[in-house]
Peer 1: 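Right, I'll just put the structure down here and ask away after.
The structure displayed is predicted, hence computed values, not measured ones. Proteins come first, then strands; the chains are lettered A, B, ... in the order of their sequence lines, and each starts at number 1.
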Amino acid sequence: MITIIDYNAGNIKSVQRACAEVGVQAIVTSDPATVAQAERIIFPGVGAAPSAMAYLEKTGLDAALKKAFKAGTPILGICLGAQIILESSEEGNRKCLGLVAGKTVRFRLKDKLLKIPHMGWNEVTVTQPHPLLDGIQPGDEFYFVHSYYPQPADDKDVYAISGHGGDFCAALGSDNLLAMQFHPEKSGRLGLQILERFARWDGALTG
Amino acid sequence: MLSKRLVVCLDVRGGKLAKSIKFVDTKDIGDPIAKARQYYEDGVDELVFYDITASRENRDIMIHFVEEVARQIFIPFSVGGGIRSVEDATKLRNAGAEKVNVNTAAVKRKDLISEIAHAIGSQSTILSMDIRKVTPTKEMPSGYEIVVNGGVTPTGIDGLWWAKTGEELGAGELVINSIDADGTKDGYEINLTRMIADSVGIPVIASGGAGKPEHLYDVLTGGHADAALVASIVHYGEYTCRVLKEYLNNRGIKVRLNY
């Protein structure tokens with residue numbers, strides 16, 4: 001059973017439907033107690049860091065998520081959920097959850113032909129092995145839509161990269177948490193494969 | 001580097017797939033959800049559903065339709081047709097559409113674009129424009145005019161001006177549909193597409209006129225489009241998404257091939 005955190009940040013249903021497609025039951029909740037006790041958690045999100053953080057703090061979901069992380073609950077972050085797990089975001093200069101060291105920064109593009117948001121399908125290259133990213137082959141593409149990206153302080157926390165006017169971090173993690181800037185729920189069969197792996201993941205880095 | 005996108009458009013009328021030639025002579029050609037699933041499996045990068053009846057009564061049908069699509073398709077898709085309010089847009093987005101397209105209602109009241117962008121984000125707000133070629137005038141210096149109500153009502157609004165205005169108001173993407181090219185299969189309107197793509201900082205989807213794979217190549221290169229929208233050539237089985245993408249790949253365009 002997967003628990004999807006609903007914190008008023010975008011279309012949660014598409015994540016739930018993608019879980020259903022791979023045969024995994026998922027519930028959507030905004031109740032901190034449910035999150036703290038969850039078996040495994042998806043932390044999705046589309047939108048702006050300041051309003052998302054304000055909502056998490058107001059509801060106590062921030063503390064519940066931190067507690068689950070410390071307890072070793074497998075957690076999958078998606079998009080905004082891959083940004084606000086860092087210590088801070090340039091978006092509104094907001095202090096964030098700090099589950100992973102580093103900050104979220106805005107694309108600074110020199111090439112005028114490149115556009116922001118970075119929107120569409122792009123290649124993801126795995127930089128160090130991870131049980132959830134095992135199936136990804138060179139040339140595999142995933143769906144992105146974002147103007148900011150996560151920048152972990154330590155390279156050891158980077159698991160995959162993509163490129164838009166230079167390399168940027170496409171997946172990051174720490175222990176039982178892996179988060180991706182792209183949308184596995186909108187990335188066709190290859191994205192569904194990640195959700196399928198997550199449904200079986202015990203949170204350990206070797207498997 | 002981002003791939004160029006292949007977008008398939010499905011005109012939906014009362015839950016059925018329809019296709020028009022030059023915006024008239026609409027006929028039903030099948031079940032849109034089955035078609036969409038077929039394109040999804042065949043590697044389409046994005047889908048657009050246009051509700052061509054777009055009446056108030058049809059709105060609920062469309063929401064159920066979007067929910068059903070979202071249960072079967074795991075790539076981005078957008079919905080357009082008759083979206084007149086933030087409420088319409090939010091409902092469709094919450095039903096599972098990644099993006100919504102506004103057209104006529106935004107021309108009538110341009111603040112609709114900023115309101116929707118504020119509510120669901122610029123990345124989810126697409127401005128669709130139906131454009132026809134006209135003799136350049138002082139009011140329409142670009143030589144292109146916006147037409148509304150499914151391509152039948154001229155507005156006197158300059159096409160290029162409207163594209164730039166849409167971006168300023170918060171649209172995250174533009175669909176440039178050439179009325180002159182629509183349904184002809186003679187190729188996209190390259191000049192129009194390039195003119196707009198070079199004048200805005202947001203992605204541009206070229207629409208109208210695709211008849212052969214070369215047309216897609218032309219608009220993605222010479223037309224500077226980020227995505228090419230097709231309809232007839234895949235609906236009637238002349239080409240598959242796979243064949244179109246392999247053609248583009250063979251000519252050096254980066255497209256998504258692993259799926």
Peer 1: Heavy atoms only: give me the nearest B:Arg5-A:Trp121 pair and the separation to one decimal.
Peer 2: CG-CD1, 4.1 Å
Peer 1: State the NE2-CD distance between A:His118 and B:Gln123, to the nearest 0.5 angstrom.
Peer 2: 14.0 Å
Peer 1: Roughly how far apart are B:Phe74 CZ and A:His183 NE2, rounded to 0.5 Å?
Peer 2: 15.5 Å
Peer 1: B:Val200, B:Asp226, B:Leu257: which one forms the most heavy-atom pairs within less than 4.5 Å of chain A?
Peer 2: B:Asp226
Peer 1: Take atom CG in B:Asp111; do more than 12 heavy atoms of anything else shown fall under 6.0 Å from it?
Peer 2: yes
Peer 1: A:His146, A:Glu185, A:Gln137, A:Gln16: which one forms the most heavy-atom pairs within less than 4.5 Å of chain B?
Peer 2: A:Glu185
Peer 1: Can you name the closest pair of heavy atoms from B:Glu98 and A:Tyr143 and give their distance?
Peer 2: OE2-CE2, 3.9 Å
Peer 1: Looking at B:Arg37 and A:Glu21, is there a salt bridge between them, counting it only when a charged N and a carboxylate O are closer than 4.0 Å?
Peer 2: yes
Peer 1: To the closest 0.5 Å, what do you measure between CD1 (B:Ile73) and CZ (A:Arg17)?
Peer 2: 12.0 Å
Peer 1: State the CZ-CG distance between B:Arg256 and A:Asp140, to the nearest 0.5 angstrom.
Peer 2: 10.0 Å
Peer 1: Just so I understand: if I count every heavy-atom pair under 4.5 Å between each of B:Glu46, B:Glu67, B:Lys4, B:His224 and chain A, which residue has the most?
Peer 2: B:Glu67
Peer 1: Let me know if B:Asp198 has heavy atoms under 4.5 Å from chain A in its side chain, its backbone, both or neither.
Peer 2: neither
Peer 1: Given heavy-atom pairs under 4.5 angstrom as the criterion, report whether the side chain, backbone, both or neither of B:Ala95 touches chain A.
Peer 2: backbone
Peer 1: Using non-hydrogen atoms and a 4.5 Å limit, figure out which bit of A:Ala20 sits close to chain B: side chain, backbone, both or neither.
Peer 2: neither
Peer 1: Count the heavy atoms of every other residue, nucleotide or ligand shown that sit under 6.0 Å from CD of B:Glu214, and state whether that count exceeds 12.
Peer 2: yes
Peer 1: Within a 6.0 Å radius of atom NZ on A:Lys103, are there more than 12 heavy atoms belonging to other residues, nucleotides or ligands?
Peer 2: no
Peer 1: Of the backbone (N, CA, C, O) and the side chain (C-beta and beyond), which part of B:Tyr40 lies under 4.5 Å from a heavy atom of chain A, both, or neither?
Peer 2: side chain
Peer 1: Show the nearest heavy-atom pair for residues A:Lys115 and B:Pro203, with the distance to one decimal.
Peer 2: CD-N, 3.7 Å
Peer 1: Kindly list each side-chain donor-acceptor pair under 3.5 angstrom involving residues 32-53 of chain A, sequence neighbours excluded, with atom names and distances?
Peer 2:
{"unit_1": "A:Thr34", "atom_1": "OG1", "unit_2": "A:Asp31", "atom_2": "OD2", "d": "2.5"}
{"unit_1": "A:Arg40", "atom_1": "NE", "unit_2": "A:Ala199", "atom_2": "O", "d": "3.4"}
{"unit_1": "A:Arg40", "atom_1": "NH1", "unit_2": "A:Phe198", "atom_2": "O", "d": "2.8"}
{"unit_1": "A:Arg40", "atom_1": "NH1", "unit_2": "A:Trp201", "atom_2": "O", "d": "2.5"}
{"unit_1": "A:Arg40", "atom_1": "NH2", "unit_2": "A:Trp201", "atom_2": "O", "d": "3.3"}
{"unit_1": "A:Ser51", "atom_1": "OG", "unit_2": "A:Ala48", "atom_2": "O", "d": "3.3"}

Peer 1: Which region of B:Lys254, side chain (C-beta onward) or backbone (N, CA, C, O), has a non-hydrogen atom less than 4.5 Å from a non-hydrogen atom of chain A, or is it both or neither?
Peer 2: side chain
Peer 1: Checking B:Asp45 against chain A: side chain, backbone, both or neither under 4.5 Å from a heavy atom?
Peer 2: both
Peer 1: Looking at every heavy atom in both A:Glu141 and B:Val255, which two are closest together, and how far apart are they?
Peer 2: OE2-O, 3.4 Å
Peer 1: What part of B:Arg71 lies closer than 4.5 angstrom to a heavy atom of chain A: side chain, backbone, both or neither?
Peer 2: both
Peer 1: Quick one: CG on B:Leu2 to CD on A:Glu123, what's the gap to the nearest 0.5 Å?
Peer 2: 11.0 Å
